[in-house]
Amino acid sequence: RSGAKLRLPERSLFTYRFSAPDYRCEVRADNITPSLTAELNVAMTVKDEELAVKLAAALDIKDAPLRELLIRYDGALMVNRVEGPAVIPDDYELFTRDGAAWLRIRFMPETLGATAVVVHFEQPLKDAAELALPEFYLDQAKGVRGHLMLAAGRGLVLQAVELRQLRQINTGTAPVREAGLQLAYRFRDQDWGGKLRIQREKATLIAELCQLGFIGEGTLFGSCVFTYQIAGAPIASLIISAAPELHNLEFTGRDIVDWKRLDDRDGRQRWQVNFRDKLFGEYTLLVTGEVKLAAGENRCRVGDIATEGAD
């Protein structure tokens, strides 16, 4: 427009000098691609029957807005959810390319500068004793560095072997606090890997009990309070054995789901008490029951109740 002041670009300004009116210049404009670097914090938590992986990426996007991010991940993993301030909610895509599993994350328009993405994965383990460390690759990233943190639930001991491009660091210097953190490593590129060995500790169970009883008409009513100390590994159930004379057994305690009678052994009745969450540390269980008294009987056996596997 005549008389309008041209607005000069803020970046990539080129100037040329000419000395004659017969000059010529050809201008070509190419699409500018984003420049991407990332700092990753990969936290892997081994549970009894599951591996939970949290991939937190701090992205630095330059030159042009980033429309989408492609992440190659281990096909054994399942994507649980994707989070981030610039991520379009629930707008991600899983696809396969050249036999590998990929995740496409779409960003809001004009996503430039610093932003963060968090991807949650999970994988069933089914009592696995060893597995390959899941690997990740950020497509078109010019620089990727970060930390790998390995954590586990109670009763599980981790050992990392056959490591590649991973340097071990003290867990106290890990950038993220993870419950049950056992091992921490630092990497400076995307070509890292290794294997993870899982050792399951044996649960140790110590029980103290206090028994009370009182006599009613033709019946001896008894109660037994078990105080447990559980170490080594958590347990999901307790097995109580009792004399066959005990009837109407009932169990009271925190987080009890149900109880069922098992097959008798050595002439004793056996009951399995199941819990909502696995037990660890101190726990108290109340067992009540009754013994029928025969007419004229002046002696009665009391107690005779125990926890299998307890010291």
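- In this structure, Arg106 pairs ionically with Glu93, as a charged nitrogen and a carboxylate oxygen lie closer than 4.0 Å.
- For Glu50 and Gln123, the side-chain atoms include no donor-acceptor pair closer than 3.5 Å.
- Cluster membership for Leu158 and Val42, using ILVMFWY side-chain heavy atoms within less than 4.5 angstrom, is shared.
- Using cut-offs of 30° and 60° for the angle between ring planes, the Trp102 and Tyr137 rings count as perpendicular.
- For Pro34 against Pro65, the heavy-atom pair with the smallest separation is CG-O, 3.3 Å.
- Between Pro134 and Leu51 the shortest heavy-atom distance is CG-CD2, 4.0 Å.
- Nearest heavy atom pair, residue Ile88 against residue Phe107, reads CD1-O, 3.6 Å.
- Proximity of a side-chain donor or acceptor of Tyr283 to a complementary backbone N or O of Phe226 within less than 3.5 Å is not detected.
- Val46 and Phe280 fall into different hydrophobic clusters, where Ile, Leu, Val, Met, Phe, Trp and Tyr are joined by side-chain heavy atoms under 4.5 Å apart, directly or via other members.
- Closest approach of Leu249 and Gly289 over heavy atoms only: CD2-CA, 4.0 Å.
- Side-chain contact between Ile198 and Arg200 is present, with at least one heavy-atom pair separated by less than 4.5 Å.
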- Go through Glu26 and Arg24 one step at a time and tell me if the salt bridge (Lys or Arg N to Asp or Glu O under 4.0 Å) criterion holds. CA-CA 7 Å; Glu26 182 179 351; Arg24 184 176 180 181; 5.7 Å; no

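- Of the possible donor and acceptor atoms, one in the side chain of Gln182 sits under 3.5 Å from a partner among the backbone N and O of Leu156.
- Proximity of a side-chain donor or acceptor of Gln269 to a complementary backbone N or O of Ala243 within less than 3.5 Å is detected.
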- Query: Could you walk me through whether Phe214 and Phe221 pass the ring pair (Phe, Tyr, Trp, His ring centres under 6.0 Å) check?
  - Reply: CA-CA 5 Å; Phe214 63 93; Phe221 299 95; 5.4 Å; yes

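- Qualifying salt bridge (Lys or Arg N to Asp or Glu O under 4.0 Å) partners for Arg164, counting only residues two or more places apart in sequence or in other chains: Glu135, Asp191.
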- Audit row: Tyr185, Phe187, ring pair (Phe, Tyr, Trp, His ring centres under 6.0 Å) steps and yes/no: CA-CA 7 Å; Tyr185 299 89; Phe187 53 86; over 10 Å; no

